[in-house]
Amino acid sequence: MSMGESTSAPFHTTSDTSRVISSFSVVDYVVFGLLLLLSLIIGLYHACRGWGRHTVGELLLADRKMGCLPVALSLLATFQSAVAILGAPAEIYRFGTQYWFLGCSYFLGLLIPAHIFIPVFYRLHLTSAYEYLELRFNKVVRILGTVTFIFQMVIYMGVALYAPSLALNAVTGFDLWLSVLALGIVCNIYTALGGLKAVIWTDVFQTLVMFLGQLVVIIVGSARVGGLGHVWNVSSQYGRISGIELDPDPFVRHTFWTLAFGGVFMMLSLYGVNQAQVQRYLSSRSEKAAILSCYAVFPCQQVSLCMSSLIGLVMFAYYKKYTMSPQQEQAAPDQLVLYFVMDLLKDMPGLPGLFVACLFSGSLSTISSAFNSLATVTMEDLIQPWFPEMTETRAILLSRSLAFAYGLICLGMAYISSHLGSVLQAALSIFGMVGGPLLGLFCLGMFFPCANPLGAIVGLLTGLTMAFWIGIGSIVSRMSSSVASPPVNGSSSFLPSNLTITTMTTLMPSTTLSKPTGLQRFYSLSYLWYSAHNSTTVIVVGLIVSLLTGEGVELPHSLGKGECGAGP
């Protein structure tokens with residue numbers, strides 16, 4: 001990919017050194033407060049509606065009566081985190097539009113879940129995705145899968161709450177712990193009391209706020225620099241409009257193959273087997289509605305990616321016309337968009353608050369999904385099997401208590417994150433490291449009937465070991481290397497547009513001064529191939545162990561039966 005120039009801050013043609021970044025106004029605080037208030041009202045409405053007549057099924061699966069449109073918007077919002085809103089435009093601004101080709105992976109990444117994973121989960125009438133693992137293998141595999149998921153989400157959710165709050169505080173002066181506590185408490189209340197239905201409908205509202213906030217930035221920014229046509233011309237002139245890079249090297253961070261095909265495995269780990277998404281599919285009123293909701297995510301994802309990319313290009317054209325402030329020139333990548341928005345909208349009271357509302361809508365939707373899915377798997381996989389005679393009233397109380405408890409844990413993890421320093425990157429990366437092995441475990445069960453429980457256990461543990469080896473090794477390798485200007489399309493990366501992508505990359509890009517060799521070369525594998533590598537490891541190791549230790553278990557027809565390699 002030829003970018004035309006260095007990816008450092010672009011040269012500016014207009015001298016305007018008197019410009020400073022403004023702070024939040026009273027109107028901005030009011031707009032931000034309205035987001036929290038309306039989210040709380042929507043959640044409490046669904047919590048109070050039918051109070052006393054709620055069932056566990058209604059709390060955990062919205063009574064399986066949701067339509068495809070709200071489910072689709074909730075599916076989108078769940079992994080459209082605040083980090084995504086900050087990261088994707090900064091990626092485009094610094095490296096060009098090659099990242100835009102990630103949209104090619106959305107087709108297979110959503111088509112496969114719609115026609116393979118959803119029918120299996122829905123027809124088995126599951127509540128937790130990990131119930132499948134007990135039906136297919138045994139209880140030990142189910143518990144291992146559940147514990148792995150809980151570890152993944154508990155580590156991540158506090159960081160997901162703290163990281164955008166920290167960036168916002170650094171740029172705008174917005175009180176750090178006020179934003180953390182406000183978001184955590186509001187989210188905790190409506191998730192614990194209202195259950196999945198409250199989470200889905202607040203996700204719908206928050207998705208609309210996210211789209212509105214980004215649209216305002218695109219409209220105002222493009223108008224300020226002369227229109228979208230001028231934005232495109234300037235970006236093309238300076239090499240930010242990328243062609244198709246067909247380099248097959250898996251160690252190049254972004255190529256067409258890496259984005260279009262490596263991205264498929266990333267999408268499968270999110271939209272195929274992640275409990276937060278599976279739970280939404282299972283809340284649909286029918287299997288057809290669940291499949292349609294998966295289809296509906298495709299155009300929504302494309303619009304979201306398009307808007308993020310346009311913000312990056314508008315930001316590039318804007319800073320070709322206007323001079324950056326000293327703070328912006330020294331800003332970390334995850335602060336670039338916030339500085340740009342505060343600069344662009346400083347004379348329009350309320351609009352910076354709208355963008356911050358957009359930003360924290362991403363946080364609310366991600367964190368509420370984490371609370372709800374964690375409460376569900378804890379209840380269904382770790383408690384209910386041991387207390388099958390539990391009454392409905394006690395089960396409802398326990399489900400709400402679990403959601404509330406995970407909310408408190410999230411606030412605690414946010415506090416811990418504030419003291420992690422450079423270890424914060426490792427905490428973020430843990431989320432992405434786990435997605436691939438869990439995908440491999442489910443694929444092993446669905447596509448290879450000869451796989452047995454021992455093979456599944458050994459495969460999962462091997463996949464996790466490989467994932468942590470590569471993931472932690474790449475972090476340590478980059479942290480120990482000399483910091484230099486970011487490469488045009490090297491292996492360093494930061495805060496891109498998706499929760500999993502985010503957690504597989506560094507918060508601050510760094511690279512070595514010389515070409516990596518040996519293990520360093522291995523650690524520079526593009527993060528988009530991580531899910532593919534780790535899921536394949538689970539499948540291969542699981543099959544080898546299964547073949548060496550005996551035949552697979554006898555399976556019901558719905559779970560897959562036949563010779564090794566046969567489909568479900």
Side-chain angles (χ1 to χ4, degrees), residues 56-57 60-61 64 113 116-153 268-269 272-283 287 290 372-390 395 398-399 402 434-464 535 538-539 541-543 545-546 549-562 564 566-568:
V56 174
L60 301 183
L61 290 175
R64 301 183 190 264
I116 294 179
F117 294 107
I118 290 178
V120 171
F121 292 135
Y122 203 92
R123 291 170 191 176
L124 291 171
H125 209 68
L126 306 178
T127 299
S128 163
Y130 304 101
E131 292 179 67
Y132 170 82
L133 297 178
E134 181 175 357
L135 294 171
R136 173 61 179 86
F137 296 113
N138 60 24
K139 188 180 290 291
V140 174
V141 179
R142 176 182 181 177
I143 292 175
L144 274 177
T146 301
V147 170
T148 301
F149 174 77
I150 291 174
F151 173 73
Q152 173 191 39
M153 296 302 291
L268 291 178
S269 69
V273 301
N274 187 282
Q275 170 64 23
Q277 305 294 57
V278 171
Q279 204 166 331
R280 280 152 178 75
Y281 299 142
L282 297 175
S283 73
E287 182 182 326
N372 190 256
S373 59
L374 284 167
T376 300
V377 297
T378 304
M379 184 73 184
E380 292 295 316
D381 298 326
L382 302 181
I383 296 176
Q384 200 102 36
W386 303 101
F387 301 96
E389 303 301 322
M390 184 183 299
L398 184 55
S399 296
L402 285 169
V434 175
L438 285 177
L439 171 64
L441 181 62
F442 279 95
C443 289
L444 182 67
M446 291 184 184
F447 299 115
F448 301 96
C450 68
N452 62 25
L454 182 60
I457 293 169
V458 175
L460 176 62
L461 295 177
T462 305
L464 288 171
S535 58
V538 174
I539 293 171
V541 173
L543 285 176
V545 173
S546 297
T549 58
E551 294 294 328
V553 295
E554 287 295 321
L555 305 173
H557 180 71
S558 60
L559 298 181
K561 184 177 181 180
C564 191

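Qualifying side chain to side chain donor-acceptor pair (under 3.5 Å) partners for Gln275, counting only residues two or more places apart in sequence or in other chains: Gln279. Taking Glu131 as the reference, nothing meets the side chain to side chain donor-acceptor pair (under 3.5 Å) condition, with sequence neighbours excluded. Under the side chain to side chain donor-acceptor pair (under 3.5 Å) criterion, Asp381 pairs with Ser128, Arg142, Thr146, not counting sequence neighbours.
With Asn138 contributing its side chain and Val141 its backbone, the two residues share a donor-acceptor pair below 3.5 Å. Remark: the backbone N or O of Ala290 is not paired with any side-chain donor or acceptor of Arg280 at under 3.5 angstrom.
Under the 4.5 Å side-chain criterion, counting only non-hydrogen atoms from C-beta, Ser269 is not in contact with Asn274. Side-chain contact check for Thr127 versus Leu282: every heavy-atom pair is 4.5 Å or farther apart. Side chains of Ile457 and Phe137 form no contact here, defined as non-hydrogen atoms less than 4.5 Å apart. In this structure, the side chains of Phe448 and Ser546 stay at 4.5 Å or more apart for every pair of heavy atoms. Between Leu60 and Glu380 there is a side-chain heavy-atom pair separated by less than 4.5 Å. Side-chain contact check for Leu444 versus Leu543: some heavy-atom pair is nearer than 4.5 Å. Contact check for Met153 versus Val377: no side-chain heavy atoms found under the 4.5 Å cut-off. Looking only at side-chain heavy atoms (C-beta outward), Phe447 and Ile116 come within less than 4.5 Å of each other.
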Exercise. Assess whether side chain to side chain contact (heavy atoms under 4.5 Å, CB included) is satisfied between Leu135 and Leu126, documenting all intermediate values.
Key: CA-CA 10 Å; Leu135 294 171; Leu126 306 178; 4.0 Å; yes
Quiz item: Yes or no on side chain to side chain contact (heavy atoms under 4.5 Å, CB included) for Ile383 and Thr378, after CA distance, side-chain angles and deciding distance?
Solution: CA-CA 6 Å; Ile383 296 176; Thr378 304; 4.1 Å; yes
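Aromatic ring pairs are classed by plane angle as parallel below 30°, tilted from 30° to 60° and perpendicular above 60°; the pair Phe442 and Tyr130 is tilted.
In this structure, Tyr281 has its ring center no closer than 6.0 Å to that of Phe121.
Applying the side-chain contact (heavy atoms from CB on, under 4.5 Å) test between Met446 and each of Leu441, Val120, Val273 identifies Val120 as the sole match.
Closest approach of Ile539 and Cys443 over heavy atoms only: CD1-CB, 3.9 Å. Looking at every heavy atom in both residues, Gly435 comes nearest to Gln152 through N-NE2, 3.8 Å. Across Leu374 and Ile150, no two heavy atoms sit closer than the pair CD2-CA, 3.7 Å.
Rounding to the nearest 0.5 angstrom, the gap separating the CG atom in Leu144 from the CG atom in Leu461 is 6.0 Å. Atom CG of Leu464 sits about 5.0 Å away from atom OG1 of Thr148, to the nearest 0.5 Å.
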